[in-house]
Each structure stands twice: as structure tokens, then as C-alpha cells.
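Order of listing sets the numbers, starting from 1, for every ligand and every atom in it. Note that these values count all heavy atoms, side chains included, but never hydrogens, waters or copies made by symmetry.
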Amino acid sequence: MNPPIFLVGPRGCGKTTVGTELARACDSQFVDTDHWLQENAGQSIAGIVENEGWESFRARETATLEAVTAPSTVIATGGGIILADYNRHFMREKGIVIYLCAPVATLVGRLEAFPEEGQRPALTAKPLSEEVSEVLAERDALYREAAHHVVDASAPPKEVVIQIITALRLACA
Ligand code: ADP
Ligand code: MG
């Protein structure tokens with residue numbers, strides 16, 4: 001039985017995209033904590049934050065993380081999941097944590113090309129490139145602290161999957 005694999009990193013680093021392909025390659029389940037949380041809450045993340053506040057959203061996020069953690073499962077996490085000490089320790093203890101690391105320019109390019117249509121509230125009122133740069137500067141150390149492995153997420157998705165499989169030395173096709 002393979003341990004759960006947690007993908008961490010900022011918005012646009014490819015957690016959902018790479019996670020889906022990794023799960024297929026490893027014959028594992030795929031879960032996206034943001035999607036799971038929204039389906040179970042019956043409202044969007046923006047809606048939860050607006051109606052209940054960030055603190056409530058973060059509590060729901062931790063409960064989601066605990067609920068979806070299972071063997072042979074690839075878990076794409078929300079970008080801010082690493083902010084809580086509890087979540088970082090939980091992921092490291094329960095499974096293998098992979099940081100999908102990409103430069104600010106790559107992240108901004110992807111977010112501009114594929115806006116999430118308001119699924120997530122903006123974290124600041126600043127232009128996207130400034131927001132991405134500031135959020136990454138604040139969180140990069142936490143992603144690294146949480147991660148067992150750091151991969152280059154600026155490569156195409158299939159190559160990122162290969163980097164992860166190589167890092168894990170998983171026996172999958
Ligand atoms: P996250 O879940 O980390 O926010 P997504 O998987 O939603 O990121 O990816 C954001 C956008 O960037 C998507 O439209 C996706 O097609 C694109 N993308 C993701 N990973 C890559 C990659 N490795 N190379 C090129 N484009 C990518
Ligand atoms: Mg995602």
C-alpha cells in the first residue's frame with residue numbers, strides 16, 4: 001500500500017494538473033482539497049470566506065485534509081494549506097510531501113492565461129504579479145519545510161510527473 005502523496009505549492013504551480021496525471025500513472029485515487037471542500041460545503045471558497053471569514057475556511061481546510069488522507073491517494077492541496085503548523089506536520093507524518101516549485105513569472109503567466117474565474121478571492125488588492133511575488137516570498141520557506149521533495153514545476157506536466165515518480169521511486173507504470 002502506497003502512502004498518500006501531498007502536492008503543495010502556490011496557485012498555478014500545477015497541483016491539480018500534475019496531480020491528476022500522477023494519480024493516473026500510479027493507479028491511485030486523486031483528490032483536490034479545494035474541490036472536495038467546496039462540494040461538501042455546498043458553496044465556493046470565495047463564498048465561505050465572504051460568509052464565514054478566512055479562519056472558518058482554514059478550519060474547514062484542515063478538516064478536509066484529514067478526511068481525504070488515505071493510502072494510494074494523490075492529494076492536491078490548497079496553496080495556503082502549509083500556513084498551519086498542524087497541517088505541515090500532519091502531511092509529513094502521514095505521507096510524502098512534494099513541493100511543485102516554479103518561478104513567479106511562470107505562475108503569473110499561467111494564472112493570466114487560465115484565470116480561475118473568481119473561485120478564489122484575491123489575497124491582496126495588488127496587481128497579480130506583485131501578489132504572486134509577495135505570497136511566494138512569504139510561503140516558499142514553509143513549502144520547503146513541509147516538503148520531502150522539491151520538483152521543478154516549470155517543466156511540462158508529464159515531465160513533472162516523471163520527476164515525482166523518480167523522486168519517490170514508486171513502482172508504477
Ligand atoms: P494549481 O492547482 O496548483 O493552482 P493548476 O493545475 O490549476 O494549478 O494549473 C494552473 C494552470 O496552469 C492550468 O490551466 C494548467 O493547464 C496550467 N499548468 C499547470 N501545470 C502546468 C505545467 N507543468 N506546464 C504548463 N502549464 C501548466
Ligand atoms: Mg488546483
Side-chain angles (χ1 to χ4, degrees), residues 4-26 28-41 43-49 54 57-58 60-62 64-65 67-69 73-84 87-88 91 95-124 128-144 146-168:
I5 297 168
F6 299 96
L7 302 182
V8 301
R11 283 195 294 164
C13 73
K15 299 177 296 292
T16 302
T17 307
V18 169
T20 306
E21 290 202 20
L22 178 66
R24 200 178 300 134
C26 298
S28 292
Q29 301 292 319
F30 173 73
V31 191
D32 191 302
T33 57
D34 281 349
H35 290 171
W36 196 96
L37 194 163
Q38 290 179 97
E39 289 210 348
N40 277 266
Q43 55 182 331
S44 68
I45 291 171
I48 296 169
V49 171
W54 276 105
F57 167 66
R58 292 296 177 206
R60 283 176 177 274
E61 191 173 43
T62 294
T64 300
L65 183 64
V68 303
T69 296
T73 305
V74 174
I75 299 156
T77 62
I81 207 137
I82 44 70
L83 293 173
N87 294 346
R88 294 197 305 278
M91 293 189 291
I96 298 166
V97 187
I98 312 283
Y99 173 21
L100 302 190
C101 184
V104 170
T106 304
L107 299 172
V108 171
R110 288 179 191 168
L111 293 174
E112 280 175 348
F114 307 97
E116 281 182 308
E117 290 167 13
Q119 193 194 72
R120 273 266 190 183
L123 295 173
T124 68
L128 188 61
S129 59
E130 260 180 64
E131 177 181 312
V132 170
S133 171
E134 283 183 16
V135 171
L136 191 59
E138 188 187 302
R139 297 181 178 175
D140 181 70
L142 295 176
Y143 290 128
R144 290 177 191 278
H148 293 99
H149 303 285
V150 180
V151 297
D152 172 15
S154 62
K158 279 188 176 23
E159 286 179 26
V160 182
V161 169
I162 291 168
Q163 287 182 56
I164 295 171
I165 290 173
T166 304
L168 298 173

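Below 3.5 Å of separation, one finds no N or O of Pro156 facing any N or O of ligand 1. Between Ser154 and ligand 1, a contact under 3.5 Å exists for no N or O pair. The distance criterion of under 3.5 Å between nitrogen or oxygen atoms is not met by Val160 with respect to ligand 1.
Which parts of ligand 1 touch Arg11 is read off a 4.0 Å heavy-atom cut-off, strictly below it: atoms 4 (O). Near Thr16, meaning under 4.0 Å from one of its heavy atoms, ligand 1 places the atoms 2 (O), 6 (O). Atom numbering of ligand 1 starts at 1 in the shown order; those under 4.0 Å from a heavy atom of Ala155 are 22 (C), 23 (N), 24 (N).
When Thr106, Asp152, Leu100, Thr17 are checked for heavy-atom proximity to atom 6 (O) of ligand 1, Thr17 turns out nearest.
Annotation: side chain of Ile98 is not in contact with side chain of Val18 (no heavy-atom distance under 4.5 Å). Ile82 is not listed as a side-chain neighbour of Asn87, based on a closest heavy-atom distance of 4.5 Å or more. The side-chain heavy atoms of Thr77 and Met91, taken from C-beta on, include a pair separated by under 4.5 Å. Residues Arg11 and Leu107 form no side-chain contact, since every pair of their non-hydrogen atoms from C-beta on lies 4.5 Å or further apart. For the pair Val68 and Thr73, the minimum side-chain heavy-atom distance is 4.5 Å or more.
Taking 4.0 Å as the cut-off, Gly9 does not count as a neighbour of ligand 1 on heavy-atom distance. Within the structure, the closest approach of Pro10 to ligand 1 falls below 4.0 Å when heavy atoms are considered. Residue-ligand proximity: Ala76 is placed with every non-hydrogen atom at 4.0 Å or more from ligand 1.
Residues forming a side-chain hydrogen bond (donor to acceptor under 3.5 Å, both in side chains) with Tyr99 (at least two apart in sequence, or on another chain): Asp140.
The distance from the Mg ion (ligand 2) to the nearest N/O/S atom of Thr17 is not under 2.8 Å.
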Show your reasoning for whether side-chain contact (heavy atoms from CB on, under 4.5 Å) applies to Val160 and Thr17. CA-CA 10 Å; Val160 182; Thr17 307; over 6 Å; no
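Using a 4.0 Å cut-off between heavy atoms, Ala153 contacts ligand 1 through its backbone alone, with no side-chain atom that close. Residue contacts with ligand 1 for Ala113 are absent, since no atom lies close enough (heavy atoms, distance under 4.0 Å).
Under a 4.0 Å N-O distance rule, the pair Glu21/Arg24 does not qualify as a salt bridge.
Using modelled atom types, no side-chain atom of Lys15 and backbone atom of Ile75 make a donor-acceptor pair closer than 3.5 Å.
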